[in-house]
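See structure below.
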Protein chains: 2
Amino acid sequence: MTSTPDTAPVRRVPRPRADALRNRERIVTAAREMFVEFGPQVPYDEVARRAGVGNATLYRNFPERADLVREVVLSLMARVTELAERAAEEEADTFAALRRFTHAAADERIGALCPMLDGAFDKDHPDLTVERERLEEAVQGLVERAQHAGRLRSDIGVGDLMVAVSQLTRPLPGTACVNFDQFVHRHLQLFLDGLEAPARSELPGTAATLEDLRRDSCRRS
Amino acid sequence: MTSTPDTAPVRRVPRPRADALRNRERIVTAAREMFVEFGPQVPYDEVARRAGVGNATLYRNFPERADLVREVVLSLMARVTELAERAAEEEADTFAALRRFTHAAADERIGALCPMLDGAFDKDHPDLTVERERLEEAVQGLVERAQHAGRLRSDIGVGDLMVAVSQLTRPLPGTACVNFDQFVHRHLQLFLDGLEAPARSELPGTAATLEDLRRDSCRRS
DNA sequence: AAATAAGCGGGGAGCCTCTCCCCGTTTAAC
DNA sequence: GTTAAACGGGGAGAGGCTCCCCGCTTATTT
């Protein structure tokens with residue numbers, strides 16, 4: 001009777017235990033690493049082992065694999081969004097900002113998102129939509145600024161940039177090649193050179209937003 | 001006794017039956033399609049079903065999965081090599097030849113090779129080495145010709161080209177997106193624009209051959 | 001056209017891996 | 001110090017894949 005409010009005698013949600021929060025965080029980190037290396041269908045037990053927790057803890061926090069995948073995707077998108085904002089803020093030259101963002105996104109292993117499109121999670125989850133919009137807005141800002149300054153060719157969209165960067169930085173399965181990172185940055189650089197204005201060729205098709213991608217990428221065979 | 005040669009009464013290897021050869025061919029084709037769409041660890045039974053043969057026939061022809069993967073890789077490499085040779089032969093402009101080859105290789109789904117690097121087959125198999133050398137030679141020809149003509153930047157190598165093209169054309173898992181091909185060709189085009197001389201930036205690292213890749217891509221965690 | 005044997009197909013046993021739960025123990029919170 | 005939430009590890013259960021067996025089909029040979 002000391003502190004219970006009137007209508008909720010047992011409904012206290014006292015705040016989760018500190019170790020529970022820590023464990024959840026460790027699980028997400030471990031899952032991100034494992035997903036990058038082995039793909040999102042890596043066994044639960046392995047993720048738990050890497051996180052240093054029992055598998056029961058993993059199941060308690062993420063009853064469905066989709067929950068875990070989504071959490072990882074969200075955390076990755078949030079990081080990348082922040083990179084975009086930082087780049088826009090701190091780089092004076094608009095194209096340099098784009099370069100910096102691109103290389104930084106590669107270092108965050110944004111390419112590891114690709115294997116998570118395999119339909120094992122709900123693309124329309126509210127949290128995901130929100131985060132996607134934040135990300136798109138941030139990158140859109142970079143793109144428009146550079147295009148407006150005449151430094152970036154005008155026939156590309158956010159979707160083009162994100163997909164190409166994701167593909168170029170996508171991890172090779174089963175290998176932890178020491179030099180691969182170096183390659184990736186070379187290829188990004190070449191791609192960026194192709195993005196610079198003035199355009200050296202005419203592109204087929206039309207510029208794409210992230211929304212286009214979300215809509216189009218779900219057609220399963 | 002009518003036609004048996006002197007020393008080989010039963011050792012006749014009469015030539016495989018026509019339907020057996022046809023089946024083998026159909027299996028490889030089916031496997032290539034399945035690998036492109038679902039990756040190289042797709043169930044044997046599915047491959048057999050797609051090929052329209054019984055699973056026993058598949059096992060008879062390719063007792064180990066590595067055998068099947070290798071056969072698919074070989075056939076794909078052979079096709080791509082031919083594309084490179086044709087492009088070099090039929091295109092007058094050196095950079096146009098490179099463009100044509102690149103886009104054609106994308107249509108052949110060369111990106112599907114990536115998932116087959118997952119260590120499930122013997123990278124040093126003699127047939128593979130031979131085919132790799134043929135491929136490298138053909139593409140090297142394209143690259144050197146364009147570089148010599150001053151149309152292609154000189155700080156890249158065959159390895160750079162092949163890896164980047166493979167990554168950009170790599171199929172997304174679980175999706176058969178209708179428009180994806182269109183995207184791929186946009187991105188290839190952008191990348192090619194970045195390859196054109198004069199170079200717009202300085203690349204980190206050094207140009208790579210296919211041999212470099214083979215050596216470096218086997219370090220497993 | 002008949003004989004022959006290589007090749008074929010489909011069904012199913014066996015195995016292995018992953019999921020998911022149970023329950024005794026630990027540990028943060030009060 | 002007490003309480004209950006959270007933990008961990010072991011193992012049963014299920015599902016899917018591999019691979020073999022054996023009666024039948026069909027290309028080849030004479």
Side-chain angles (χ1 to χ4, degrees), chain A residues 1-5 8-31 34-35 37-69 115 118-121 174, chain B residues 1-5 8-31 34-35 37-69 115 118-121 174:
Chain A
M1 286 184 200
T2 58
S3 62
T4 42
V10 195
R11 275 306 278 115
R12 316 167 50 190
V13 189
R15 140 166 116 260
R17 269 167 55 166
D19 57 343
L21 286 175
R22 193 172 53 244
N23 276 339
R24 190 184 166 94
E25 203 53 42
R26 289 210 287 178
I27 287 171
V28 174
T29 302
M34 299 292 274
F35 288 177
E37 193 159 356
F38 304 105
Q41 77 290 27
V42 69
Y44 253 38
D45 280 20
E46 301 268 319
V47 176
R49 205 156 55 79
R50 163 87 76 126
V53 302
N55 57 10
T57 302
L58 185 44
Y59 275 98
R60 224 172 282 120
N61 280 278
F62 304 98
E64 310 230 353
R65 182 173 289 267
D67 300 329
L68 180 57
V69 174
D118 68 352
F121 79 122
Chain B
M1 288 182 199
T2 58
S3 64
T4 42
V10 194
R11 274 307 276 117
R12 316 165 52 188
V13 188
R15 139 166 116 259
R17 270 168 53 164
D19 56 343
L21 286 176
R22 193 172 52 244
N23 277 337
R24 190 183 167 95
E25 202 54 42
R26 289 211 288 178
I27 287 171
V28 174
T29 301
M34 300 292 276
F35 287 177
E37 194 159 356
F38 304 104
Q41 78 289 27
V42 68
Y44 253 38
D45 280 20
E46 303 266 320
V47 176
R49 206 157 54 78
R50 162 87 75 128
V53 303
N55 59 10
T57 303
L58 185 44
Y59 276 98
R60 223 172 284 118
N61 279 278
F62 304 99
E64 311 229 355
R65 183 173 289 267
D67 300 328
L68 180 57
V69 174
D118 69 351
F121 80 122

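All values below were derived from every heavy atom in this structure, side-chain atoms included, with hydrogens, water molecules and symmetry-related copies excluded. A, B, ... follow the sequence lines: proteins, then strands. Residue 1 opens every chain.
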Can you tell which of dG9(D), dG9(C), dA27(D) lies closest to the side chain of A56(A)? dG9(D)
Counting N and O atoms only, with roles assigned by atom type, does the side chain of R65(A) sit under 3.5 Å from a partner on the main chain of P40(A), one being a donor and the other an acceptor? yes
OP1 or OP2 of dA6(D) under 4.0 Å from side-chain N/O of T57(A): no
Rounded interatomic separation in angstrom, taking CD from Q41(A) and P from dT17(C): 16 Å
Nearest-Å distance, CG (L58(A)) to P (dG10(D))? 17 Å
Shortest non-hydrogen pair, V47(A) vs A30(A), comes out as O-CB, 4.0 Å
Surrounding CZ of R50(A) (heavy atoms of other residues, nucleotides or ligands, distance under 6.0 Å), is the total greater than 12? yes
D67(A) CG - dT19(C) P separation (whole Å): 14 Å
Interatomic distance, D45(A) CG vs dG9(D) P [rounded to whole Å]: 11 Å
From the list dC7(D), dG7(C), dT19(C), which nucleotide is the closest neighbour of the side chain of D19(A)? dC7(D)
From dA6(D), dC20(C), dC8(C), nucleotide with atom closest to A20(B) side chain: dC8(C)
With no angle test and no hydrogens, is the base of dA5(D) tied to the side chain of R17(A) by a donor-acceptor pair under 3.5 Å? yes
So E64(B) and D67(B), side chain to side chain contact (heavy atoms under 4.5 Å, CB included) or not? Walk me through it. CA-CA 5 Å; E64(B) 311 229 355; D67(B) 300 328; 3.5 Å; yes
Earlier contact from the 5' end, DNA chain D, for R22(B) and Y59(B): Y59(B)
Identify whether any heavy atom of N23(B) sits under 4.0 Å from a base atom; if not, whether one sits that close to sugar-phosphate; answer base, sugar-phosphate or nothing. sugar-phosphate
From CZ of R60(B) across to C1' of dC21(D) the rounded distance in Å is 11 Å
Spacing of L68(A) atom CG relative to dC18(C) atom P, expressed in whole Å: 16 Å
Which nucleotide, dT18(D), dC8(C), dG9(D), lies nearest any side-chain atom of N55(A)? dG9(D)
Starting from the 5' end of DNA chain D, give me the residue, P63(B) or R24(A), whose nearest nucleotide shows up first. R24(A)
Choosing from dC30(C), dC17(D), dA28(C), which nucleotide comes nearest the side chain of P43(B)? dC17(D)
Distance, rounded to the nearest Å, where E46(B) contributes CD and dC17(D) contributes C1': 11 Å
Could you give the CZ-to-C1' distance, from F62(B) to dC20(D), as a whole number of Å? 19 Å
Counting any heavy atom closer than 4.0 Å, what does R65(B) reach on the DNA or RNA strands: base, sugar-phosphate only, or nothing? sugar-phosphate
Between dC7(D), dT28(D), dC30(C), which nucleotide gets closest to the side-chain atoms of A18(B)? dT28(D)
Check step by step if side chain to side chain contact (heavy atoms under 4.5 Å, CB included) holds for F62(B) and V69(B). CA-CA 9 Å; F62(B) 304 99; V69(B) 174; over 6 Å; no
